[in-house]
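The analysis underlying the following values was restricted to heavy atoms, covering all of them including side chains, and did not include hydrogens, waters or symmetry mates.
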Amino acid sequence: MSNTTPDFFISYLALAILGLAVFAFTAAVLRQVRQRERAVQQEKLDSIREHEQKYDELLNTISDIVFSHTLEGDVLHVNEAAFRTLGFTTEELVGHNLRDLAPSEKEDRVEGYLATIKERMEFAGARTIIDKSGNPHVLEFRNRVVLSEDRVPIVQGIARDVTEERMATEALSRSEERYRRFFEEDLTGDFIVDGNQRIIACNPAFADIFGFESVADAIGESFASLFDDPQSYHHFMKALTARKKLENFESRMRRRDGSALYVIENVSAKLDDDGNVHELRGYIFDNTDRKLLEDRVLQMQKMESVETLAGGIAHDFNNILGIILGHVALIEEDREASPEQNIERFSTVHEAIDRGTNLVNQILTFAKRMDAEFGPVHISSLVRELGKMLQETFPEAVKLNLNLEEDLPFIQGDPHQLHRALLNLSLNARDAIAESGEITISAAKVQHSALKKRLPDIPPDDYVEICVSDNGEGMDEETLKRLYEPFFTTKLHGQGTGLGLSVVYGIVMGHDGQIHVESKRGKGTTFFLYFPALKDVAPAEKVVDHPRPNMKGSETVLIVEDEHSLVNLLSQVFKRNGYEILVARDGEEAVEVYRNHQNEIDLVFTDAGLPKMNGYEVFWAIYEMNPDVNFVFASGYFDPEEKERLQKSGMHAFIQKPYSPVDVVGEIREILNDVVKN
């Protein structure tokens, strides 16, 4: 028995030791597993913290506010953009309720927002938020409800500060509204024209200026059709294409009823790659009233020029009449005079008549409205003609000198306007001379190189220089600055309109010329006028007098003239050459005579100025009866517009008074011969 017990005890002890070893081993394994699990968990936590840190860093770098809050409005999280935008720190927002953060007057909006987010589970829109300093910010929100890990719904959102954009949009909107109101209420005519010259936009003032019933009536109309004629439109477009912008550009246009319209345009052009006009934008002023007033004042200024010369002209006319009367008296009394003596006397009478005719034409140049007729002008001839008139009318104490270079080239111009410009300068020079002095008018050819110092911007060309110089009192610097201003004058009240030099300036500019003046107090004044010289213009051919054909005829001529002596004179000459004569003393009688003898009358010869009906009215009345009537006009002055209308309607001839009756018969014979030929 003793042998058995120890063995059992040893076995039992060995089994216990083995069990303890297994337990120790299992405990060690479990500890190792738990350590590994803790390490893995720590790695996961570190990774999560790292991601959260990166996420927070990302959220804090973006400019938009990122936030979350509960459905009850408790703020859970905000990024640093909230501080940058609104000035609130994270501590001042997180843990607080939206109701506490809103001003009392905005609490209703917070309640409305929370109600909306609960109902729709999302929110999008703009709200005005007051920052920590009390300044308003417009925030554009994008919010939605999401479930958190513990299945609790929270609101996550993003808000962008659009204050500046909203302010810019509102400012743009206000600006557009102001522009729209300005465009519609502007008193000037604003317009936009497309590349096809169609009006695509305009304001009521534009429509009113041109006589459209409304803006809609003007849209789509041709802009070119608003100009007075195609040439005016071509001139406008040529200038605009070259400069791309026109300022204070004067144009003659017309209203829808056809009446004349004078405007001042300020226009800019957009050109395409080929240089063609893509769009026009501009505005116009109705300058019609001012233009018509200016024309009337200019007419007055013309008359003032005539009035200034009236004494000298009256003196010259009296001399002319004295010459004619004296020689006629000699012819009547000296019955035994030789043919040679009478021929000499008749020649003197003719010279006196020609001299009187020239004076009449000079007066008409200023006193009547005459259209510009441009053509080659020889300055030397024009200045000599002016010089003769000035020498006859200026006081003897004023000496006139003419220095004209030989073989001057022609210039392109209107002789009447140039004559007027030089006369105005000459009259000013005469007025600048106190009692006695000298006026010099000179003309010479100059090259561009000689003018660049005096006129740096003058285009390269050869020029004809005309100088009008006096040794009078001269002008100071202040006067020189205002020299060409309309209505500016240094003369006493009633002695001048102040338009003389502005007219000269306008004439020179209208001839593509340049003007320069040099003057000093007590040293006199010199005006320099420069006009581009024409190239390759041959001198005018000498007129050769051809003998008239046989003046005899048998046709019937209706003479319409209210001057008794002229009627008798014409009747005698016509009858002497075989013509039948009918006479009318006024316009109404002329129409009645023609109506009663229409089939007999071969030609009507009428004066323009008649009682009851003038010559123009007589023509149109007879023209209605017979459009093929042969009609000849005589007058001391022909209105340019009426003359053009009559020419288009078939007027055969215009005879300038005074005339020779023999020349009238010869002119009419040629007309009747042409009628027979045709």
Side-chain angles (χ1 to χ4, degrees), residues 301-316 319 358-359 362-363 365-366 379-405 408 418-444 446 454 464-485 488-505 507-508 514-531:
Q301 197 270 338
K302 290 180 184 179
M303 295 304 298
E304 180 188 320
S305 298
V306 175
E307 183 181 353
T308 305
L309 299 172
I313 291 174
H315 173 76
D316 205 33
N319 287 342
N358 288 334
L359 275 175
Q362 288 166 2
I363 295 171
T365 301
F366 311 115
I379 288 297
S380 295
S381 301
L382 188 145
V383 172
R384 287 193 186 98
E385 179 186 347
L386 174 67
K388 289 179 182 179
M389 187 184 76
L390 296 178
Q391 286 172 336
E392 293 169 355
T393 57
F394 276 6
E396 293 182 1
V398 177
K399 182 181 179 181
L400 180 67
N401 304 312
L402 301 182
N403 296 329
L404 306 176
E405 189 177 281
L408 275 178
L418 293 170
H419 192 285
R420 182 180 176 196
L422 294 177
L423 176 63
N424 282 350
L425 291 176
S426 301
L427 293 177
N428 278 359
R430 182 208 60 187
D431 294 340
I433 296 172
E435 295 180 357
S436 63
E438 292 188 10
I439 297 174
T440 301
I441 303 177
S442 60
V446 294
R454 178 176 290 167
V464 173
E465 176 191 71
I466 307 173
C467 298
V468 180
S469 179
D470 68 73
N471 61 351
E473 60 185 14
M475 293 177 283
D476 56 27
E477 289 294 329
E478 189 61 31
T479 301
L480 287 171
K481 290 178 182 178
R482 304 184 59 188
L483 201 57
Y484 304 116
E485 288 183 18
F488 171 72
T489 179
T490 58
K491 297 179 182 179
L492 297 176
H493 180 70
Q495 295 184 0
T497 62
L499 283 172
L501 289 178
S502 65
V503 169
V504 172
Y505 182 85
I507 291 173
V508 173
Q514 300 276 348
I515 187 169
H516 175 72
V517 62
E518 294 179 358
S519 182
K520 287 186 178 181
R521 274 292 186 187
K523 301 292 184 179
T525 300
T526 301
F527 281 89
F528 301 86
L529 312 184
Y530 298 97
F531 300 97

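Expressed to the nearest 0.5 Å, how far CG of Leu400 lies from OG1 of Thr440 amounts to 7.5 Å. Between the CG atom in Leu423 and the CZ atom in Arg430 there is a gap of 9.0 Å [rounded to 0.5 Å]. Note that CG of Asn471 is 11.0 Å distant from NZ of Lys399, once rounded to the nearest 0.5 Å. Atom OG1 of Thr525 and atom CG of Asn428 lie 9.5 Å apart (nearest 0.5 Å). Rounding to the nearest 0.5 Å gives a distance of 5.5 Å between CG of Leu425 and CG of Leu529.
Smallest separation of non-hydrogen atoms from Asp470 and Ala432: OD1-CB, 4.1 Å. Ser426 and Ile439 get closest at one heavy-atom pair: O-CD1, 3.9 Å. For Gly524 against Ser519, the heavy-atom pair with the smallest separation is O-OG, 3.2 Å. Heavy atoms only, all atoms of each residue included: Asn401 and Glu438 are closest at ND2-OE1, 3.1 Å. The heavy-atom pair separating Leu386 from His419 by the smallest distance is CD1-CE1, 3.8 Å.
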### Message
side chain to side chain contact (heavy atoms under 4.5 Å, CB included), that's the test. Do Arg454 and Glu518 meet it? Break it down for me.
### Response
CA-CA 11 Å; Arg454 178 176 290 167; Glu518 294 179 358; 3.6 Å; yes
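The side-chain hydrogen bond (donor to acceptor under 3.5 Å, both in side chains) search around Ser442 returns none, not counting sequence neighbours. Listed by chain and number, the residues in a side chain to side chain contact (heavy atoms under 4.5 Å, CB included) with Ser380 are His378, Arg384, Leu404, Leu408 (sequence neighbours excluded).
Put simply, the side chain of Phe531 reaches to within 4.5 Å of the side chain of Leu418, judged on heavy atoms. Considering only heavy atoms from C-beta on, Met475 comes within 4.5 Å of Val517 through its side chain. At least one side-chain heavy atom of Leu422 sits under 4.5 Å from a side-chain heavy atom of Leu382. Proximity of Val398 to Leu390: side-chain heavy atoms (C-beta onward) are nowhere separated by under 4.5 Å.
Between Tyr530 and the options Val508, Val464, Val446, a side-chain contact (heavy atoms from CB on, under 4.5 Å) holds for only Val446.
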